[in-house]
Structure formats: structure tokens, C-alpha cells
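Below: the structure, in C-alpha cells.
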Amino acid sequence: MKPPILIFVACGLTFTASVAFASGPGTSDAKHLQPNAPRTITVSEADTPPVVRAGLLQSTLILLPAEEKVANVFAGDTVDWVFDGGHVASRFISIKPKVAGSTTDVHIVSDHGNEYTLQLREVSGDDDPHFDSKIFITPGDKAAKEKLTELPVFVPAAELDRVKQEAAAAQAAQAATLKAEKAQEETYRSQYPGSLHFDYTWDKSKGKELGLQAIWRDDKFTYLRGQFQETPALYEVKDKKPSLINFDFSNGLYTVPKELDNGYLAIGKQKVEFHRTEEAR
């Protein structure tokens, strides 16, 4: 047996050592090979590695448990055998012998840390013309079975690259969004002072007595600022009829979610009326 050689670090890589298949004993009988029905083999560290019957010029598909993906594959002979893990991280490995009568071993490491060792044998020269077309692997050890219920410990390179690309794209999108929001905020700040209107009038002496200092508005809200010993009630006056209105109050600032034309603040018998100037309406 030839010394083990690393086939691929990630299942996204395919190794085909040569283009043409080598000929050898039994090559002429390759066309008579017949595929077996799919079968399941149990792999245990304490047992001899199970034998997989491979056919010359035929592909045998090896499938890990559904919970696992291929992380690494090692094989003793990468010259007379082709190993293909596809272009994305998956549970599948395709093996194909290029030389009749050849044998090798293959060691599969899953993303959950399980290790599966198989013996591969090309059988075109056997009296039995059947070869394994599809092999399902199941772990035979308790520890290996428990690993299937846990999170993966390895990330295949192809999947890691995909995650990195998705993360980079997400970061770029977030950066673009933040940049657009910042530009919008800067535009708003630069334009906001021009939207403020200090066009209200009130009796300044009564306002000073109550604590009212300023009233202004923008395109959506009305604001009243003051230093109040007690928070006055706020009324809106429409058609000469007063009504209490909703507002937010914090640190002496009233924020009213509408533009007020007329209204007043009141505490007990104290009252300060305010009005928008006629020119501003």
C-alpha cells in the first residue's frame, strides 16, 4: 500500500491525477460490470475497515450521515483512484478506480469530527461482476453517534468562503445604509433651522409669571419651553372652543404633534394665551 496522501482539505476541491484511465487486467470486462443495490455499512474504530467494491470506469457514491458534511479526505493512492467531493460542502464523495485490480484505503473526516476509514477494491477481474454504486455510512461507535447531535466542529473551506462572502456583503450593505442615513441626517440638520418658525405672540408678563419662555414650530410639531414650578395644562382653541390636547413633556419642553394656531397654558386661575401671527398663516 502506498503511503497516505492528503486528497483535499475541503470538499469543494476535485482531484483527477490524470485525464486518461490506465488500462490493466480486466479492462475488457469493465462493460460487463453491474451495479449493486445501495447498501449501508457501519464503520467502527474497533473493527476492520469495511470493503467497498468499486468498478473500473464506474463511479461509487459514498454518503455520510444526513447530519454531517465532508471536511477532509485522505487516501493512500491518488494516482490510480479519483476522489471527487463536488464544488460545495456536502455529505457526498464520489470514488472511481482508474486501474483494474487496484486497491487503496480512504479516510473521511466529517465536520462533526467523526472519522470513517474504508478499504476500496476494484473488482472488474472478479467472477462476481457486481460493484457498489451507492454506499451509506453509519457510525457504529456510541461517541460518534453522539457527535451527530452536536454542532459541527469543522467548517469546510468552501462553506467558510461562502460565509465570509455573505458577511462581507452584509457589512458592505450595512456601511452603505449607514452612509446614506448619515448623509440624510446631515442634510436634515442643515435644512432644519430653516424650517423653524418663531411666529407666536403672547402676553410676556403673564408668560413670565407662569414660567413660559418660548414658543415655536416646525413643519410637524409645536414646541413650548419654560421653567414651570408645576406643569401647566395645555389647550388648543378652535372656533373659540378650548380642548385639552396630547403632548410630550420633558425638562420643561412641550412637544405637540401638530401645528397649533391658538391655545393657552393654565394652572388654576393663571392663564397665558398664545396665537400665531396672521402673517404666518
Side-chain angles (χ1 to χ4, degrees), residues 1-8 10-111 114-141 144 156:
M1 182 181 296
K2 299 180 181 180
I5 301 175
L6 174 63
I7 299 304
F8 53 82
C11 52
L13 300 179
T14 302
F15 288 79
T16 54
S18 62
V19 177
F21 287 94
S23 61
T27 303
S28 60
D29 296 329
K31 61 182 179 181
H32 301 302
L33 291 172
Q34 300 177 28
N36 278 322
R39 68 185 179 101
T40 299
I41 58 177
T42 301
V43 180
S44 175
E45 290 187 2
D47 297 334
T48 301
V51 176
V52 175
R53 295 173 58 86
L56 188 66
L57 304 179
Q58 308 296 324
S59 176
T60 297
L61 186 63
I62 299 176
L63 294 86
L64 298 189
E67 299 86 350
E68 295 185 292
K69 293 181 180 179
V70 177
N72 292 300
V73 174
F74 305 86
D77 186 349
T78 60
V79 176
D80 298 336
W81 292 76
V82 176
F83 301 86
D84 187 357
H87 300 288
V88 295
S90 71
R91 56 187 286 227
F92 308 104
I93 302 172
S94 173
I95 63 173
K96 184 181 295 185
K98 298 190 295 179
V99 175
S102 60
T103 62
T104 189
D105 54 0
V106 61
H107 311 278
I108 305 168
V109 181
S110 79
D111 60 347
N114 282 330
E115 300 178 11
Y116 304 105
T117 298
L118 308 174
Q119 289 292 328
L120 308 179
R121 186 165 70 87
E122 198 286 317
V123 298
S124 61
D126 288 11
D127 293 335
D128 182 358
H130 293 86
F131 71 97
D132 293 317
S133 61
K134 183 180 292 186
I135 295 292
F136 294 92
I137 293 180
T138 182
D141 299 321

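Basis for what follows: all heavy atoms, side chains included, without hydrogens, waters or symmetry-related copies.
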Approximate separation, where rounding is to 0.5 Å, of [X] [atom1] and [Y] [atom2]:
X    : Y    : atom1 : atom2 : result
R39  : R53  : CZ    : CZ    : 9.0 Å
Q58  : Q34  : CD    : CD    : 10.5 Å
S102 : W81  : OG    : CH2   : 4.5 Å
S110 : K69  : OG    : NZ    : 12.0 Å
F74  : T117 : CZ    : OG1   : 10.5 Å
S59  : I93  : OG    : CD1   : 11.5 Å

Side chain to side chain contact (heavy atoms under 4.5 Å, CB included) partner of L118, chosen from V51, I95, V43, T104:
V43
Of all heavy-atom pairs between [X] and [Y], which one has the smallest distance, and what is that distance?
X    : Y    : value
T60  : D132 : OG1-O, 2.5 Å
G85  : S90  : O-OG, 4.0 Å
E122 : L56  : OE2-N, 2.9 Å
F92  : V70  : O-CG2, 4.2 Å
K134 : L63  : CG-CD1, 3.4 Å
E68  : N114 : OE2-ND2, 3.0 Å

Partners passing side chain to side chain donor-acceptor pair (under 3.5 Å) against D127 (at least two apart in sequence or in another chain)
none
Report the residues that fulfil side chain to side chain donor-acceptor pair (under 3.5 Å) with D47, sequence neighbours left out, ordered by chain and then residue number.
none
Should [X] and [Y] count as side-chain neighbours, where that means a heavy-atom distance under 4.5 Å?
X    : Y    : result
Y116 : P49  : no
L61  : I135 : no
V73  : V106 : yes
D77  : T103 : no
F131 : N36  : no

Using the side chain to side chain contact (heavy atoms under 4.5 Å, CB included) criterion, which residues pair with T42? Sequence neighbours excluded.
T138
Quick one: side chain to side chain contact (heavy atoms under 4.5 Å, CB included) partners of E45, sequence neighbours excluded?
D141
Going by salt bridge (Lys or Arg N to Asp or Glu O under 4.0 Å), name the residues that satisfy it together with R91, two or more places apart in sequence or in a different chain.
none
Going by an N to O cut-off under 4.0 Å, is there a salt bridge joining K96 and D84?
no
Do any N or O atoms from the side chain of S44 and from the backbone of G140 form a donor-acceptor pair under 3.5 angstrom?
no
Could you check I108 against I62 for side-chain contact (heavy atoms from CB on, under 4.5 Å), going step by step and ending with a plain yes or no?
CA-CA 10 Å; I108 305 168; I62 299 176; 4.3 Å; yes
Which pairs, with at least one residue in residues 54-65 and sequence neighbours excluded, count as a salt bridge (charged side-chain N to carboxylate O under 4.0 Å, His left out)?
none
